[in-house]
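Protein chains get the first letters and strands the later ones, always in sequence-line order, with residue 1 at the start of each. Predicted model, so just to flag it, every value in this text is computed and none were measured.
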Amino acid sequence: MRKTWTKLLAITVVLVLAIGVVAACDSGEKKDDGVTKVALIMEGAVSDMSWNATAFEGLKKIEKNGAQIGHTENTPVSDAAAAIRTYADDGYKVIFMSSSSYQDLAMQEAEKYPEIQFFLINSGVTAENVRSFAIQDAEQGYLMGALAALLTKTGTIGYIGGLEIAPILNGAKGFEQGAKYVNPDVKIISQNTGSMDDVNAAKELGKAFVGQGVDVLCPMANQASLGVMEAAEEMGIMAIGSGLNQETVAPTAAVVAIVKDTSIAYEAAYKAYQAGSMPMEVLPMGAAQGVVFVGDYYLEVDQAIKDQIDDIQKKLASGEIKINLD
Amino acid sequence: MEGMTIKQRLQALLRTLYFPIMAIIASLLVGSIVILFTSKSNPFVAYGHMFQGGFGTKRSFDATLTKAIPLMFTALSFSIAKRSGIINLGAQGQFTAGAISATAVGIYLTGLPAAIHLPLTLLAGFIGGSLFGFITAALKVKFGASELIVTIMLNYIAALLAAYFVTGPMLEQLPPYYPQSPAIPKTARLGSFIPGLNVHTGLLIVLGGVFLYYFYLWKTTSGFRMRVVGLNPTAGEYAGMSVARSTILSLFLAGGLAGLGGAVEIIAVQGRLMITSFSESFGFTGIAVALLGNLNPLGIVFSGILFGGISAGSLRMEVLTRDVNASVAEVIQALIILFIAGRMMFQIKRRRKMTTAADPDVQDDVLAEDTEGADTPLPEPAIEKAGDQA
Amino acid sequence: MASILEMKHITKRFGPVVANKDVSFSVEEGEVHALLGENGAGKSTLMNILFGLYEQTSGDIYYRGEPLNVRSPRDAIDRGIGMVHQHFMLIPAHSAIENVVLGYGGNKEVLDLKAAAKRFSEMADRYHMNIDPWEKVGKMSVGQQQRLEILKALYRDVDTLILDEPTAVLTPQEVEGLFDVIRQLIAEGKTVIFISHKLPEIMAICDRCTVLRQGEVAAAGLEVKSIKNLNELAHLMVGREVELVTAKTPSEPGEVILDVEDLNYINEKGIHVLKDVSFQVRAGEIVGVCGVDGNGQSELVKCLTGLLAPASGRVELLGKDVTHESAKNILDAGVGHIPEDRHKMGMVGAMNLRENIAMVDNYKEPYSTKGFMHWRWIDKHSRELVQKFSVKTPSIMEKAINLSGGNQQKMVVGRELSRETHLLIAVHPSRGLDIGATKYIQSQIVEARDRGAAVLMVSTELDEILEIPDRVLVIYGGRILACLEQAACSRNRLGLLMAGITEDDEEQPA
Amino acid sequence: MNELANFLSTAIRLATPTLLAGLGIVFSERAGIVNIGTEGLMLIGALSGVMGSLLTGNVWLGALIAIIVTVAFAAVFAFFTVIIKADQTVIGTGMNLLASGLTITVNRAVFGANTSPPKIDTFRTTPIPLLSKIPYLGEIFFRHPVPIYLAFLLVPIAQFMMFRSNTGLKVRSVGENPKACDTVGINVTRTRFLAILYSGVMAGFAGAFVSMGQLSFFTEGMIAGGGFIALAAVVFGNYTPLGVMIASLVFGASNALMFRLQALSTGIPSQFPLMIPYIITIFSLCLVSRKSNKPAGSAIPYIKE
């Protein structure tokens with residue numbers, strides 16, 4: 001009998017706690033103070049030192065423009081709708097969705113929330129309240145490929161991608177075309193590890209590439225990129241970074257980073273939203289918009305090579321060089 | 001249940017709910033310590049947001065239910081295997097396999113009316129998952145390979161297969177060539193069945209699955225035999241039952257249920273197969289759901305909704321607290337598993353068996369068997385008793 | 001002589017169950033003291049308390065005049081108390097010497113097994129026990145394992161040795177060998193506590209005896225020499241007059257139900273376990289299979305019931321060849337099987353009574369139709385069965401593990417007897433049961449015979465073998481050594497046969 | 001030839017985390033414990049090692065901290081499985097989920113959403129004087145970070161401990177027949193608990209080696225199945241340290257082969273070479289499961305009354 005009472009007591013405690021919790025959350029209800037609320041929904045982790053990290057940088061830049069921001073990371077497609085609804089309920093007016101995987105869902109949800117402006121990153125669709133911008137990953141790959149082909153002594157260069165998502169695959173296509181553009185005879189080895197997280201796999205693959213004669217490694221695999229940089233450092237070859245600060249793990253190997261600073265794209269999109277000047281078509285965000293660019297060189301590189309790369313960057317920006325993605 | 005007073009019923013209810021509730025309280029308490037140490041937020045405020053986001057409004061409950069559907073499928077998958085004495089850690093892989101095969105039927109067998117196309121797609125999902133279950137069972141029966149490790153390895157293989165299909169054979173032939181299958185046509189899609197809500201017909205399918213799970217295990221001879229073999233394989237063999245058959249059948253069904261879940265997730269929520277379709281661990285969370293529900297049909301439904309709510313609510317928690325990461329929800333789910341499996345720690349007084357004769361030797365054996373044969377001494381599902389006596 | 005051991009007012013409760021109630025027990029140095037009682041009388045519990053495996057609820061123990069506080073067997077061993085358990089506590093995967101030094105207090109961190117083996121072999125020689133220290137225990141015979149257990153205790157220099165039902169698995173001849181060892185131990189000044197429920201053995205080897213009945217002391221420290229009448233002792237043990245003989249009329253054998261011809265079985269380790277086994281069982285007779293555990297009985301029964309596949313030979317049931325039929329088909333053909341180990345084989349502890357009762361015939365009408373269970377009929381059937389076989393249970397929804405051993409066995413026997421069977425195979429039907437339950441189950445088996453069923457009964461209990469069967473097969477080393485009419489059986493003759501000694505051998509002892 | 005030496009050297013390097021964790025698991029497995037949660041323990045070791053190294057500035061102190069933290073979590077596992085006697089598989093699964101959630105939460109709280117990993121001290125390649133100069137052999141065996149030498153040195157020690165020491169005998173016995181151990185005065189609970197703690201030590205070190213020996217930073221989910229592979233290596237290695245070493249090398253070599261196959265650009269979709277290690281694991285399990293030294297009391301809680 002005593003046991004029953006103890007259980008009853010336990011359950012009462014729970015109920016009291018539960019009521020307390022509900023009461024606690026009611027006190028913090030939203031109030032609209034005229035500040036635009038901007039949300040970012042990411043499929044990966046903001047700590048990936050790459051794609052999502054720069055997206056988050058972009059969000060922070062938007063915050064500096066006076067917006068109130070919110071973000072969710074590691075959001076699978078199946079949760080994206082719920083995330084959108086959560087933000088909508090909380091009075092958010094702009095929602096950035098940082099992966100092409102979200103496309104179908106976002107279109108579906110956007111219909112239900114006409115008052116919210118959606119920005120889809122790397123999508124090919126638009127609607128009344130949906131704008132897409134396409135990060136020109138291929139241009140980044142193109143610059144990497146061209147530089148690698150110019151730098152190589154062995155005539156073999158390597159591209160290591162992570163999960164086979166669109167940016168990575170397009171980067172590979174650009175890489176190949178860029179390399180061939182400067183040196184049609186260059187040998188290209190290009191593989192994906194199937195994971196953005198498995199850093200060690202990327203590193204070992206990088207080392208295996210060196211075994212095949214590769215002397216310039218280029219990663220495009222979010223945080224797994226770091227493994228590739230480390231491989232280059234350990235094997236004493238060159239590497240071209242694909243994101244911010246990747247050179248820190250490869251102080252003697254990293255030549256330069258071909259930066260794809262998506263934060264610029266985010267900020268630009270937000271400014272266009274504020275200005276109300278958004279064309280319906282998909283906005284490319286690449287060299288022309290200053291999103292893709294060659295960063296500062298960390299190592300000594302021939303001026304001639306630097307010049308050639310600058311030239312290619314300009315041609316990409318002007319549309320003189322077109323990358324074939326078929 | 002006839003002849004029970006209200007007090008007895010209350011006691012019975014308390015007995016059933018005591019361990020799950022204690023486990024949830026303990027998990028929330030430990031979780032609050034994690035929140036205190038890793039953020040500046042008040043844990044109770046964070047939990048409040050989580051609760052609000054999971055159950056607070058009609059719309060959040062809608063999200064919770066949608067979220068609960070795949071979890072209930074994988075929980076059923078784990079449960080039916082466990083009832084047969086098999087530990088199926090492969091629901092994730094089976095789920096993925098089901099999604100792949102359902103997508104294949106969805107995008108290739110076009111031109112059929114929905115009345116044919118939709119069932120075929122679901123069937124394909126079931127078969128895809130059950131194939132993976134069958135591989136595990138066959139290796140176990142034929143070579144004695146431990147299903148624990150085989151299922152985990154198959155999870156990785158299934159994920160790679162999905163990646164292969166969406167970047168290769170199933171790739172949508174449209175620039176800019178996203179690694180995804182073409183969209184599944186309307187004839188093979190599942191929609192909402194309550195206007196204005198997102199929760200889709202998959203809910204009815206999974207509830208049907210729960211009912212069949214109950215009906216199969218407690219009302220059919222085949223299910224009865226599966227339970228006998230699961231609790232005591234030696235006795236099963238003695239009574240003329242085949243352990244190998246039970247292993248194969250249960251893993252086949254387990255794989256099928258998980259595969260059906262994968263199919264439903266694709267055709268109702270995601271709309272097409274994507275490389276990132278399975279970034280979430282439906283399989284392992286399903287284990288937690290099954291355990292919290294004590295492998296009991298109704299228990300699976302309720303714990304599925306609870307876990308769906310934690311998942312859905314964690315989004316709101318992350319958004320509104322701004323510094324409590326949604327991974328705290330994962331921590332809480334993990335803690336619930338630990339505290340449910342270790343529920344004996346909440347036992348106030350060591351419960352002893354009522355034994356009619358003083359035979360300590362036998363009693364000793366009995367206690368050992370209780371934990372060996374049936375490591376979860378399962379109370380009979382309440383609905384069974386109600387059904388039988390009716 | 002002074003008391004070496006005093007257990008005073010020991011009470012042990014397992015939840016609501018009282019296993020020992022105010023038991024006082026005193027042993028003198030240098031004697032063989034019998035602890036006598038039925039199964040479940042609390043003998044093992046008392047000794048497990050002494051040995052530190054259980055903790056008493058109340059009461060005190062004094063050893064050599066000092067209080068004995070044992071928290072674990074380690075403490076008991078350190079004080080010089082050793083125990084050989086009824087179920088051997090050996091690890092089959094390890095060698096004999098690894099088993100001996102396991103947990104030995106004098107071990108160094110780096111084991112010197114060679115030195116240990118030398119000491120062990122010297123000791124084995126002293127007691128005339130021949131055991132290879134490097135042999136894997138899994139490959140040893142039961143008798144060897146018991147000797148190893150005794151040596152394991154002696155290796156720890158104990159001076160009081162508890163032997164828990166040591167003769168249960170031995171042939172009468174092996175029992176003699178054990179008695180010789182006990183005598184030698186006594187001669188060396190050691191003390192032996194001998195647990196048994198077999199009266200003749202107690203008369204043969206013990207100096208005094210204490211009788212336990214239902215957890216209480218029925219008689220303490222009786223001088224065995226002064227006991228004149230075995231019935232007196234039996235009465236003390238059982239506490240009531242028992243019909244020591246099951247009523248039985250002469251058998252009237254009918255047609256051949258089971259015909260076994262040249263059955264051979266080779267197990268997965270390649271050992272030839274059954275060799276050319278042939279026999280018949282007719283309707284209306286009980287054929288006993290007698291032998292020491294591990295001589296192939298278990299495999300024989302499994303071959304007959306389809307649980308093992310024989311290498312060669314033929315099994316015919318009612319004139320039909322069932323040699324390679326599945327277990328299900330054989331049960332279907334009308335075979336009832338009371339299995340050797342009810343916990344492991346006969347029932348599912350976590351299931352309730354009605355589910356256990358439906359376990360074998362679940363796929364048949366009226367248990368089910370077209371694959372759907374008929375729980376309502378099963379409930380009715382279960383209630384009848386519980387009543388008919390007087391299974392004590394609160395309800396048919398009670399889980400089987402919550403029943404006592406006797407009631408579990410009654411449930412299994414009831415289930416098997418209530419099925420329509422032509423052949424009943426009963427393996428150790430009374431193992432672990434008290435006399436009342438044993439007699440009840442034996443009478444039910446005889447009744448099945450009288451109804452015209454053929455019965456094959458496997459038992460290691462000579463008393464049972466001498467009493468119940470109409471014919472007796474003696475199995476040794478996988479061979480049927482003899483087939484005797486009940487009238488031709490005697491304890492001595494069966495004993496010799498169980499040890500593998502046929503009459504030819506007797507004339508020219510090897 | 002040089003490529004072969006490189007391949008073998010890679011195989012050894014890739015085998016090391018499996019071997020380190022496996023050398024711990026082999027003892028807990030022998031004691032009758034199946035620890036599915038090794039994956040999670042390694043993840044915790046990986047994160048706490050990086051945090052420790054950052055805090056102390058010394059990789060060895062970092063590894064020590066990794067070991068201490070991981071052992072604490074192993075103790076949680078041991079508490080639930082050995083003392084509460086809960087189902088080991090379930091608790092192991094729970095530990096994995098817990099480790100995954102907790103490492104993300106803590107990593108975020110400590111390192112934030114940085115775009116660059118913090119600089120920490122790591123295990124650097126330490127060529128062994130003289131030996132590393134031997135052609136080929138030197139490159140294969142003697143140009144590695146110290147933990148790799150340690151791991152392989154531990155193999156004969158572990159083998160000796162398991163089969164020739166009193167502790168080893170106790171550990172093997174509690175896994176085979178805990179009740180028999182009880183009757184000779186061995187504390188089954190303590191022995192099993194300690195075996196789990198030891199496997200925690202090794203899992204923590206293995207995790208620290210992944211984040212600081214193979215790499216130089218922590219990323220979420222970085223163990224990527226390594227714990228499960230270690231578990232499989234113990235089964236494949238038939239529950240002996242020597243066998244675990246051979247199994248680890250097989251897995252290491254299959255991984256090294258996988259990377260080389262990818263680097264060869266054969267045109268085979270990358271997913272298929274990536275499946276090789278998993279398929280080899282399944283295949284090896286099928287090969288050895290029938291004639292295994294699996295302890296008789298494996299995964300069964302011991303309940304003493």
Practice problem: Considering non-hydrogen atoms only, spot the tightest contact between B/K82 and D/D87 and give its length. | Solution: NZ-OD2, 3.9 Å
Practice problem: Let me know if D/V288 has heavy atoms under 4.5 Å from chain B in its side chain, its backbone, both or neither. | Solution: neither
Quiz item: Which heavy atom of D/I91 sits nearest a heavy atom of B/G342, and at what distance?
Solution: CD1-N, 4.4 Å
Quiz prompt | Proximal component of B/L338, with respect to chain D [non-hydrogen, under 4.5 Å] | solution = both
Quiz item: Hey, does D/N96 have a side-chain heavy atom less than 4.5 Å from the side chain of B/F284?
Solution: no
Quiz item: Which atom pair, heavy atoms only, marks the closest approach of D/F228 to B/M153?
Solution: CB-CE, 3.9 Å
Practice problem: Take atom CZ of D/F283 as the centre, draw a 6.0 Å sphere, and report whether it contains more than 12 heavy atoms from other residues, nucleotides or ligands. | Solution: no
Self-check item: Member of D/I282, D/V235, D/I36 meeting the side chain to side chain contact (heavy atoms under 4.5 Å, CB included) criterion with B/I149
Solution: D/V235
Practice problem: Can you tell which part of B/A163 gets under 4.5 Å to a heavy atom of chain D, answering side chain, backbone, both or neither? | Solution: both
Self-check item: Under 4.5 Å from a heavy atom of chain D, the part of B/I152 involved
Solution: side chain
Exercise. Mind checking the OG1-CD spacing from B/T167 to D/Q271? Nearest 0.5 Å is all I need.
Key: 4.0 Å
Quiz prompt | Closest contact, heavy atoms only, B/E330 versus D/G101 | solution = OE1-CA, 3.6 Å
Quiz prompt | Exercise: identify the closest heavy-atom pair between B/A334 and D/G94 | solution = CB-O, 3.4 Å
Exercise. Would you check if D/M275 and B/L161 make a side-chain contact, meaning some heavy-atom pair closer than 4.5 Å?
Key: yes
Practice problem: Please test D/T105 against B/S327 for side chain to side chain donor-acceptor pair (under 3.5 Å), starting from the C-alpha separation and ending with a verdict. | Solution: CA-CA 6 Å; D/T105 313; B/S327 56; 2.8 Å; yes
Quiz item: So which of D/I83, D/T281, D/T81, D/I279 has the biggest tally of heavy-atom pairs under 4.5 Å with chain B?
Solution: D/T281
Exercise. Pick one of side chain, backbone, both or neither for D/F77, based on which atoms fall under 4.5 Å of a heavy atom in chain B.
Key: neither
Quiz item: Hey, what's the ring geometry for D/Y278 with B/Y156, parallel, tilted or perpendicular (30° and 60° as the breaks)?
Solution: parallel
Practice problem: Against chain D, work out which of B/K140, B/K142, B/Q333 has the most heavy-atom pairs shorter than 4.5 Å and name it. | Solution: B/K142
Quiz item: Quick one: CG on B/L139 to CG on D/L285, what's the gap to the nearest 0.5 Å?
Solution: 9.0 Å
Practice problem: Sort B/L89 into side chain, backbone, both or neither according to what part of it lies under 4.5 angstrom from a heavy atom of chain D. | Solution: side chain
Quiz item: Got a second to check how far B/N325's CG is from D/N107's CG, nearest 0.5 Å?
Solution: 9.5 Å
Quiz prompt | Atom CZ of B/F134 with >12 non-hydrogen neighbours under 6.0 angstrom | solution = no
Practice problem: Under 4.5 Å heavy-atom distance to chain B, tell me which part of D/T89 shows up: side chain, backbone, both or neither. | Solution: side chain
Exercise. Check each atom of D/A224 against the heavy atoms of chain B and say whether the ones under 4.5 Å are side chain, backbone, both or neither.
Key: backbone
Quiz item: What part of B/S281 lies closer than 4.5 angstrom to a heavy atom of chain D: side chain, backbone, both or neither?
Solution: neither
Self-check item: Distance (rounded to the nearest 0.5 Å) between B/T285 OG1 and D/L97 CG
Solution: 6.0 Å
Self-check item: chain D contact via B/V328 - which portion, at a heavy-atom distance below 4.5 Å
Solution: both
Quiz prompt | Heavy-atom contact with chain D under 4.5 Å, split by part of B/S39 | solution = neither
Quiz item: When rounded to the nearest 0.5 angstrom, what distance separates CG in D/L274 from CD1 in B/I157?
Solution: 11.0 Å
